[in-house]
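Order of listing sets the numbers, starting from 1, for every ligand and every atom in it.
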Amino acid sequence: MNPAPGAAARQIYLIQPRFPISYWGLEHFLPLTPYQAVFPPLGLLTLAALTPPDFAVTLCDENIGESIDYQTNAPIICITGYIIQIERVFEIAERFRSLGKTVVIGGPLANLLPDVCALYCDVLFEGEAEYTWSRFLRDYLAGTVERRYQEPEKIHLPDSPPPRLDLLKGHYAHGIVQCTRGCPFSCEFCDIIVMYGRKMRLKPIERVLQEIEAWKARGVPQVFFADDNFIGNRAYAKDLLRALAQWNKRQRPAMSFYTQASIDMVRDEELLGLLRDANFVSVFIGIESPRKSSLAETHKTQNEKLDMVEAIHKIQSYNLFISAGMIVGFDNDDPTIFDEQFNFLQRAGIPITMLSALMAVPKTPLYKRLKAERRLVKRTSSSKEPSQYAGTNGGTNFHPLHMTVEELKRGQQELCRRLYAPKAFAERLLANLYRFRDVRYRPEAVTWTSLRTLFRLAKMYGRQGWAASRFFWSMLGKTFWHSPRNLPQMINLLGMYQHFCKLLSQDVAWNPWAPATPEPKIDSRRVSVSDGLFGVGHDEGAVDGRAKVLSHANCPSGPSPGTAPQALSAASRTP
Ligand code: B12
Ligand code: SF4
């Protein structure tokens, strides 16, 4: 691991490995749009910005179709990754190690499974890298590199530099900005507070605006705020929103935003109004469960205290599409939880749902408790086993109390298909839209590119038959009638819907548009805004999966929050 001599030593190759096809990747929708990926790799762009200018940095993002240059002259290979990229991370790492390179692994995967990752790299980074990265580079040049660089503290967020957008090559749908780190709550399953703390750390507002400007300059029409809880510090959030609204007023076309936040935002109408005024279109909320005893068990007190259906309706009335993180498999959950979840989501009218089985993530209080109760599923293979935490298929890593692991998995996957049956989805989506009032949303300009996306999407629905086509045009018609400004968003949500349906029918015969099979478990009390939308021939929820082994990657698992990429805006290409 001695550095190569001279300038050649000062070259760094940063790699964002390919994500497996997933709920969030929108792989089945992206080809209809001008984009190659939804999000740029913010972690690596930040690492690049932390690198002194006398190092040459190259970025490779496999997600935009770039091939990894195994012939690179760079002696330092840096690989980032989330847990779901684990196999690809290790594959790339092993190949570069066999070529004699210094392989460095960092990011969320390394934070979660440092000991496993350490087996595949020369240098492992644990925790935030704002301070440790420069120490590593100094050690590297001095030939005194350590095996592990660990950040024991939480870094001062203003020390995190703006990402180096100049390294980006592809066309990304959305920009990404992080304003805060941390969350004041203490949900038992959450690794965020373990990694980023409960004390909110804030980026100066002028810095946030500069980052937004930089994305705007790249032609990105929409920015995601990658905060753990955007309203974790309400006073800061309000100041930021005021500044954003001011900034956005001057933009032609305006930029739209989305983020993730806790449901207690509902308690502050001023905050909700500011979100609307700043042009926020959507928010992801970790709701987790409609069952109060499950919320109490997991210490999700902010949800437990509220009437959540009412709260969601109120948030929607500020013109926000809601996506929600829902979890099944708490100790208070029994097999009736699946119906309860379905009925709740329909009543609340939450269109996009990320439904996961509860997962005990290492280092969390939940993990510690289940370990003490000897309920963790035993690992079966060697220490080089990639991971038991990579399940995005409803699988979990502990023994639930009132269900078997298999029942939980099957229930979760059946519920996913029930939720994304066209009628159920349409009801939720329109219920959300119909609660919009006083719409001031300033949509992006209509361009040839966005029209092309619309045309391709219409063709895609058309190819799936009359029911699908009718669904598509009817949703657009109703949106036009109720709130024409939201048409671009609706188009994108319908694109996302195609992606979800494809995922859900990946390994199991499931045709959402097949002739109707009566859905036995629908709650008659739910909001029914789509009456008359479907005629004969439409399926409410043709689920025949009981006897089958259900698919992988149908619905993501893992802790919330995480956010559904909001509408893929097709307004302009990133240069
Ligand atoms: C934005 C975000 C998303 C976005 C964008 C993802 C993307 N493709 O870029 C969306 C909504 C799509 C998303 C999706 C998912 N996400 Co997410 N997401 C986040 C979030 C909120 C912020 C990430 C971020 O940009 N941070 C800012 C940058 C600057 O931080 P960073 O990447 O960690 O990088 C720093 C260090 O880690 C380090 N570093 C990073 N890489 C490297 C590499 C090297 C070599 C070195 C030295 C250092 C280093 O340097 C940086 C500066 O300190 C985090 C929570 C969080 N606070 O991190 C969750 C988080 C990363 N997501 C998580 C998960 C589980 C997911 C999903 C898998 C959910 C699911 N079950 O489907 C999906 C992935 C699917 C996909 N195709 O992307 C988990 C990751 C768990 C894990 N340990 O792997 C997190 C931690 C949240 C959580 N606890 O639930 N996510
Ligand atoms: S799950 Fe969400 S609300 Fe709960 S502590 Fe984690 S980030 Fe905060």
Element-labelled atoms of ligand 2 that are located less than 4.0 Å from some non-hydrogen atom of Gln302: 3 (S)

Cys187 contact mode with ligand 2 (heavy-atom cut-off under 4.0 Å): both

For atom 88 (C) of ligand 1, the option (of Ile79, Leu42, Asp191) bearing the nearest heavy atom: Asp191

Proximity of His499 and Tyr23 rings by center, below 6.0 Å: no

Check: Phe125 ring centroid to Trp133 ring centroid under 6.0 Å: yes

Tyr23 heavy atom under 4.0 Å from ligand 1: no

Close side-chain approach of Phe500 to Ile352, heavy-atom, < 4.5 Å: yes

4.0 Å heavy-atom contact, Tyr149 with ligand 1: no

Heavy atom of Arg198, distance to ligand 2 below 4.0 Å: no

Any N/O pair Ile176/ligand 1 closer than 3.5 Å: no

Geometric N/O contact Tyr196 with ligand 1, under 3.5 angstrom: yes

Lys NZ or Arg CZ of Arg97 over Tyr120 ring: under 6.0 Å, within 45°: no

Tyr149 and Asp139: side chain donor to acceptor below 3.5 Å: yes

Short side-chain to backbone donor-acceptor contact, Gln36 and His171, under 3.5 Å: yes

